[in-house]
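Before any comments, here is the structure.
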Amino acid sequence: MLGLSKSLGLIEGFGGRGKGGLPATLSPLEDIDAKPLRDKYGYNAYLSDRISLDRSLPDHRPSQCKTLNYPRDLPQISLIFIFVDEALSVILRSVHSAVNYTPAHLLKEIILVDDNSEDEQLKAPLEEYVNKRYPGLVKIVRNQKREGLIRARNEGWKVATGEVTGFFDAHVEFTPYWTEPVLARIKDDRRRIVLPSIDNIKHDTFELERYENSGHGYNWELWCMYISPPKQWWDEGDMTAPIRHVPAMIGCSFVVNRDYFGELGLLDSGMDVYGGENIELGIRVWLCGGSMEVLPCSRVAHIARVKKPYHNNIAFHTRRNALRVAEVWMDKYKSNVYLAWNIPMENHGIDFGDISERVALRERLQCKRFEWYLDNVYPEMRRHSNTVFYGEMRNSKASHLCMDQGLKENHTATLHPCHGWGPQLGRYTKEGQLFLGPLGSTGDDTRCVVDDQTSNVPQLLNCDKVTNLKQKTWNFSQNSSMINQASGRCLELVPSKVNFGHQLVLQSCTGQRWTIKNTMGQTMSSR
Ligand code: UDP
Ligand code: MN
């Protein structure tokens, strides 16, 4: 306890800076001291230690929310926070603000799941602090080994006793009246998974930044993102209305009826570390009879951190988890996930674990087909069903180099040593179009390779805006020339003093041959 009070000089009666949500700043000297902690946590933990645990944040609800009334008789909620080696003051501020801004009669308990942290401060000192400050309110679960955020959330659920469970990262802050709108929607229909709107706590200054009202979506790699609310919501013109038809969730904050979540199969416990589970839950709840929505009148603030302290290659795990989602839920559309990650559909060597239980769950819950979800819940999502070849593109003249989208503002394709990630993702379609760059979800970020018949450099343009069809159409099959239909010129390499020894040009064909790494098989499931 002593060590704790010392490091958190703010705890007993400390006013702290940043009261009332005022920005807190460090002197230049303090800033230097803060660096190691910033690097460790991906947020300014040094500053956090100097801000009140009981600060209040500005009210960013749409103003009409303040006129709404909610029933007093609402189900009780268990708030579950998971953490691995987060800064103690950040975890405690999450707990303090949960207690301060959740009405006492609605708060069943707080559950802290320690996903096998190493930091000694998070052992006895944390436990003694919460037990003294909030006797009987807080349960602590300690994972004996690192389970990852997905199984950690499930562990928290197992000990929860409230009728409703809320799942949060351990670096969030609540705001007044966040609870009632959420519980009212769940009381009304227990099959709703309800997402408070997320605002941002700036990782460096801990100031609150309001985020626009938005839905949550994702791209085909299954990275989540904020998306514009659907047209129906805008048309309604009611800023307090739930944003419905939300396809998935960001994941740092969601609330669900406890028993319903159990029936639905919790989060996929076969997933490791990070990523994909938030998308999977969205897909599953929609396909299996429930829904997901965002509430503009309920707001929770979250620190969008700049790095993940627990792993330096989370993409490795997200990719594996994404393949589970593709294989269990996406039917023939799973090819989009393989495409986005540039993985062959067969013999890819990625062990995504046993999915039989999840497939059985899908059967048992009699869930709909993925196409229904795309048509009805996420119609904005682009489908890339016309793909013939995909992956990095190599020319036999210099096969260590790959076509690359280069600097976006140049709008030209270029060459770069191969790495096979997004900027080198080529895609050749049935219609003979050649795209380059990471797949977007709804935007136009994948551009097509165009011979504008003027420049001798291939252009990278928004395909929808290129009106001359032939300029964006190429004759190609594996291991042969890439010939433009408008000009008859070929995409070729010429020696160059800059740019890794070669330059990409359009010129009279000399017989150079290209390969695109993967061929879309005929083996797709027919469901
Ligand atoms: N977390 C965990 N185990 C892990 C990885 C993460 O318990 O193996 C916790 C982490 O402490 C945080 C939450 O999971 O409370 C989400 O992680 P993070 O905030 O890094 O993800 P982000 O919000 O940045 O996407
Ligand atoms: Mn987080």
Side-chain angles (χ1 to χ4, degrees), residues 38-45 48 79-95 97-98 110-119 121-123 126 140-159 166-174 195-196 198-204 206 208-209 211 216-219 221-226 248-254 266-282 300-318 320-322:
R38 272 200 190 117
D39 293 346
K40 178 174 173 194
Y41 294 111
Y43 50 69
N44 193 342
S48 170
L79 301 179
I80 300 163
F81 297 91
I82 58 164
F83 62 88
V84 57
D85 290 322
E86 300 269 351
L88 178 58
S89 64
V90 168
I91 299 177
L92 291 183
R93 192 172 296 104
S94 305
V95 174
S97 93
I110 290 177
I111 296 163
L112 301 178
V113 182
D114 172 6
D115 192 17
N116 201 238
S117 301
E118 280 170 13
D119 188 346
Q121 289 252 300
L122 303 180
K123 311 277 184 213
L126 168 71
I140 300 186
V141 177
R142 307 271 187 193
N143 287 347
Q144 292 313 305
K145 60 178 177 51
R146 183 72 49 79
E147 298 289 353
L149 75 88
I150 297 130
R151 288 191 293 274
R153 290 209 160 105
N154 288 348
E155 289 305 313
W157 177 87
K158 287 180 192 164
V159 303
F167 296 84
F168 302 92
D169 287 6
H171 40 248
V172 297
E173 287 176 61
F174 297 83
L195 316 175
I198 299 168
D199 291 308
N200 185 33
I201 300 168
K202 292 188 181 170
H203 62 85
D204 214 23
F206 277 62
L208 184 69
E209 173 187 18
Y211 276 172
H216 303 178
Y218 56 93
N219 62 20
E221 285 175 336
L222 309 196
W223 294 112
C224 57
M225 59 184 70
Y226 295 100
M249 61 180 195
I250 298 287
C252 62
S253 152
F254 67 99
L266 307 180
L267 295 172
D268 175 1
S269 61
M271 290 187 177
D272 294 335
V273 186
Y274 178 101
E277 87 295 345
N278 48 344
I279 312 306
E280 194 264 357
L281 184 63
V300 173
H302 165 256
I303 305 176
R305 53 167 68 175
V306 274
K307 77 177 256 258
K308 315 272 184 241
Y310 41 84
H311 218 285
N312 50 21
N313 187 9
I314 54 165
F316 175 83
H317 299 282
T318 301
R320 171 191 180 281
N321 294 344

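Everything numeric here is computed off the predicted structure, so don't read it as measured data. When a ligand or atom number is given, it counts from 1 through the structure's own listing order. Heads up: numbering here begins at 1 and tracks the sequence.
The side chain to side chain donor-acceptor pair (under 3.5 Å) test with Arg151 singles out one residue from Asp115, Asp268, Asp272, Asn143, and that residue is Asp272. Each of Val300, Val172, Leu208 was evaluated against Asp199; a single residue qualifies, Leu208, per the side-chain contact (heavy atoms from CB on, under 4.5 Å) test.
Atom numbering of ligand 1 starts at 1 in the shown order; those under 4.0 Å from a heavy atom of His302 are 23 (O). Taking every non-hydrogen atom of Gly148 and a distance limit under 4.0 Å, the qualifying atoms of ligand 1 come out as 3 (N), 4 (C), 8 (O). Numbered from 1 in the order shown, with element, the atoms of ligand 1 that lie under 4.0 Å from a heavy atom of Arg146 read 8 (O). Those atoms of ligand 1 that come under 4.0 Å of a heavy atom in His171, given as number and element, are 12 (C), 19 (O).
With a 6.0 Å radius and a threshold of 12 heavy atoms from other residues, nucleotides or ligands, Tyr226 has its OH atom above the threshold.
A salt bridge is defined here as a Lys NZ or Arg NE, NH1 or NH2 lying under 4.0 Å from an Asp or Glu carboxylate O, and Arg153 with Glu155 fails to meet this definition.
In Phe81, neither the side chain nor the backbone holds a heavy atom less than 4.0 Å from any atom of ligand 1. With a 4.0 Å cut-off on non-hydrogen atoms, Glu147 does not touch ligand 1 at all. The part of Asp115 lying near ligand 1 is the side chain, judged by heavy-atom distances below 4.0 Å.
Annotation: Ile82 places an N or O atom under 3.5 Å from an N or O atom of ligand 1; distance criterion only. The N/O atoms of Ala170, backbone and side chain alike, include one that comes under 3.5 Å of an N/O atom in ligand 1. Looking at ligand 1, you'll find an N or O of Glu86 within less than 3.5 Å of one of its N or O atoms. Note: no N/O pair closer than 3.5 Å links Pro309 and ligand 1 by distance alone.
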Test log, rule salt bridge (charged side-chain N to carboxylate O under 4.0 Å, His left out), inputs Arg38 and Asp204: CA-CA 8 Å; Arg38 272 200 190 117; Asp204 214 23; 2.6 Å; yes

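In this structure, the side chains of Asp85 and Lys40 stay at 4.5 Å or more apart for every pair of heavy atoms. Contact annotation: the side chain of Phe168 approaches that of Leu79 to within less than 4.5 Å [non-hydrogen atoms, C-beta and beyond]. Using a 4.5 Å heavy-atom cutoff, the side chains of Cys252 and Ile198 are in contact.
To the nearest 0.5 Å, the span separating CD1 on Ile279 from CG on Asn219 amounts to 8.5 Å. Note that CD of Glu86 is 4.0 Å distant from CZ of Arg305, once rounded to the nearest 0.5 Å. Between Tyr43 atom OH and His171 atom NE2 the span is 7.0 Å, to the nearest 0.5 Å.
Its N, O or S atom nearest to the Mn ion (ligand 2) is what matters here, and for Asp169 that atom is OD2.
Looking only at heavy atoms of the protein, atom 20 (O) of ligand 1 is closest to Tyr310 OH, 2.7 Å. The nearest heavy-atom contact from the protein to atom 25 (O) of ligand 1 is Tyr274 OH, 2.4 Å.
Taking 2.8 Å as the criterion, His302 counts as a coordinating residue of the Mn ion (ligand 2), since one of its N, O or S atoms falls below it.
Between the choices His311, Lys308, His317, Glu155, the shortest heavy-atom distance to atom 24 (O) of ligand 1 belongs to Lys308. When the options Asp169, Ile198, Ile91, Val113 are ranked by their closest heavy atom to atom 16 (C) of ligand 1, first place goes to Asp169.
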